[in-house]
There are 2 protein chains.
Amino acid sequence: MRMRGIVALALMVSGCAAGSAAAPSGPVFSMDEILAAAPPSDWRRIPQENLLYMTLPSGRVIIELTPIFAPEHTANVRALAAAHYWDGGAITRVQENYVVQWAGPEAGADRGAARADIEAPEYDRPVGDLPFMRLPDPDTYAAQTGFTEGFPAGRDGQGLTWPLHCYGIVGVGREMPPNTGDGSELYVVLGQSPRHLDRNLALVGRVVQGMELMSSLKRGTGPLGFYETPQERTSILSARLGSELPIAEQVQLEALRTDSASFATLVESRRWRRDEFFVEPTGHINVCNVPLPVRVAPPN
Amino acid sequence: MRMRGIVALALMVSGCAAGSAAAPSGPVFSMDEILAAAPPSDWRRIPQENLLYMTLPSGRVIIELTPIFAPEHTANVRALAAAHYWDGGAITRVQENYVVQWAGPEAGADRGAARADIEAPEYDRPVGDLPFMRLPDPDTYAAQTGFTEGFPAGRDGQGLTWPLHCYGIVGVGREMPPNTGDGSELYVVLGQSPRHLDRNLALVGRVVQGMELMSSLKRGTGPLGFYETPQERTSILSARLGSELPIAEQVQLEALRTDSASFATLVESRRWRRDEFFVEPTGHINVCNVPLPVRVAPPN
């Protein structure tokens with residue numbers, strides 16, 4: 001693993017204040033090369049109970065749920081999935097350069113164990129002992145940005161953390177405050193990340209497979225990108241937790257651990273684009289531009 | 001115009017260091033209200049020679065060309081359009097969360113007055129006397145960000161400026177350096193703005209109408225999002241400069257002047273989301289999240 005030496009050097013450099021660091025030297029590795037060199041321990045298997053498989057006529061979208069930021073909202077999403085709440089529902093809104101939104105209160109009759117209301121606005125939380133791979137780069141919106149258990153996160157430096165509205169992140173639609181949303185209506189971020197929504201809505205996951213099926217949907221022409229006719233909507237054939245599926249229908253996915261050395265190497269390689277295409281490597285990277293690799297687990 | 005008083009207050013507040021400003025007070029105006037209140041002098045008519053009408057089977061995409069950052073590349077794009085170079089060409093690449101790219105060297109035989117090569121890498125330029133509506137908000141990539149003649153721009157504070165790879169911005173594809181691209185292959189930014197491309201490619205315009213036709217295209221499944229078969233490509237029926245079109249076929253578009261008071265008001269209203277939906281207005285806005293309104297010119 002000659003690469004490791006380079007990694008260590010790159011990380012030292014990245015510790016400098018943003019803008020003052022010099023470009024690292026040494027061999028240049030592509031993302032594919034970095035991922036291929038990552039040891040098995042740098043990947044984490046995503047538990048099937050954290051995977052929501054949503055089947056559309058065009059194919060399957062898989063969402064990784066995380067309870068760390070909005071545990072009550074995530075629990076409701078899982079309860080609704082277990083009740084097959086979204087089956088027969090639809091994607092009702094595709095707003096250009098903003099969000100795709102689906103289902104809603106009328107989708108299915110059975111809400112299972114889901115609660116009717118969640119009072120707590122789970123928009124940020126105490127840092128506690130959550131890990132944080134912090135980026136040195138300045139950010140427009142948050143005092144600190146980085147990654148916590150595979151998700152982009154912000155911190156205020158005063159004890160609070162929250163997930164970020166980056167491309168592909170899944171959130172809970174809601175009415176006007178104090179309503180916080182019950183999880184029956186979800187959205188995924190599309191386009192330039194709408195970070196002004198941070199700390200204003202509960203985020204519960206991110207799309208880890210099939211995002212291209214969501215992003216290429218026809219845009220709605222009504223206000224806020226809602227479809228104007230039911231015919232324009234995309235049906236949700238089913239939405240299931242992976243833990244409900246027969247093993248043969250599960251997809252065994254692994255995510256690169258954001259607290260791993262390989263991830264740090266990847267971030268550096270994207271901060272400093274040193275391959276020959278670039279004439280002016282920036283030396284910076286925004287938290288929403290960092291790739292969060294997911295792969296089908298290799299056979300044992 | 002009671003609104004003006006509020007505007008002045010908001011601007012004073014925004015002059016403070018980012019993060020330290022208090023939310024402005026007073027009435028809250030929506031984007032629609034701000035635009036409706038904008039005097040005619042806050043809008044600029046886009047000259048037809050700066051509009052590129054690209055007709056796809058699904059409809060029409062209109063690009064505003066600007067020569068201010070990459071004059072030679074823009075001149076080549078205009079020469080190729082005048083020669084009807086792109087007619088019968090195709091969209092060849094749609095890479096998820098990155099770019100849509102079209103045509104290329106083989107599209108049309110006639111290159112008209114377009115040059116074969118442009119040696120100058122027009123990736124940044126001296127500030128000169130270009131206007132700059134500067135944002136106070138921190139940015140990950142540039143020392144200063146703001147708007148110059150309707151386009152998002154960065155500055156290094158040492159005399160150089162460059163356009164930014166925000167969503168909807170149009171650039172010139174190129175080979176490896178020192179090649180800078182001849183303008184025959186263009187791309188538009190899709191998804192989270194890939195700002196690491198800033199100062200690495202020539203930018204010549206932005207989509208001002210029909211972006212939803214580009215962003216909803218099926219993603220390519222080949223490397224870099226290229227389509228794997230010709231059948232997947234989207235044909236370009238024609239691409240014309242507005243100045244070539246009969247007046248009846250022209251669309252008279254106006255863009256909100258980025259050096260106007262109305263634009264400053266709009267930016268403030270987006271920095272501080274004070275409507276009742278928001279529980280935590282950020283007090284910040286990223287340069288790529290600022291809307292750049294364009295409308296069909298009202299009748300005289």
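Quick note on labels: first sequence line is chain A, next is B, and so on, each numbered from 1. Since the structure is predicted, the reported quantities are computational estimates derived from the model, not experimental observations.
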Let me know if B/Ile285 has heavy atoms under 4.5 Å from chain A in its side chain, its backbone, both or neither. both
Between CD of A/Gln192 and CZ of B/Arg195, what distance do you get to the nearest 0.5 Å? 8.5 Å
Just how far is it from atom CD of A/Glu96 to atom CG of B/Leu213, taken to the nearest 0.5 Å? 9.0 Å
For each of A/Glu212, A/Arg270, A/Lys218, A/Arg174, tally heavy-atom pairs with chain B at distances under 4.5 Å, and name the one with the top tally. A/Arg174
CZ on A/Phe277 to CG on B/Leu201, rounded to 0.5 Å: 4.5 Å
Least distance between heavy atoms, B/His284 atom then A/Tyr141 atom: O-CE2, 3.4 Å
Greatest number of non-hydrogen atom pairs under 4.5 angstrom with chain B, of A/Asp198, A/Val189, A/Asn200, falls to A/Asn200
Report which part of B/Leu217 has an atom under 4.5 Å of a heavy atom belonging to chain A: side chain, backbone, both, or neither. backbone
From the list A/Thr140, A/Asn289, A/Asp139, A/Asn286, side chain to side chain donor-acceptor pair (under 3.5 Å) with B/Thr140 holds only for A/Asn286
Do any N or O atoms from the side chain of B/Arg199 and from the backbone of A/Thr282 form a donor-acceptor pair under 3.5 angstrom? no
Minimum heavy-atom separation for B/Tyr167 and A/Gly191, please, with both atom names. CE1-CA, 3.8 Å
Whether over 12 other heavy atoms sit under 6.0 Å from B/Glu276 CD: no
With chain A, the option among B/Pro178, B/Ser215, B/Pro177 that has the most non-hydrogen atom pairs under 4.5 Å is B/Ser215
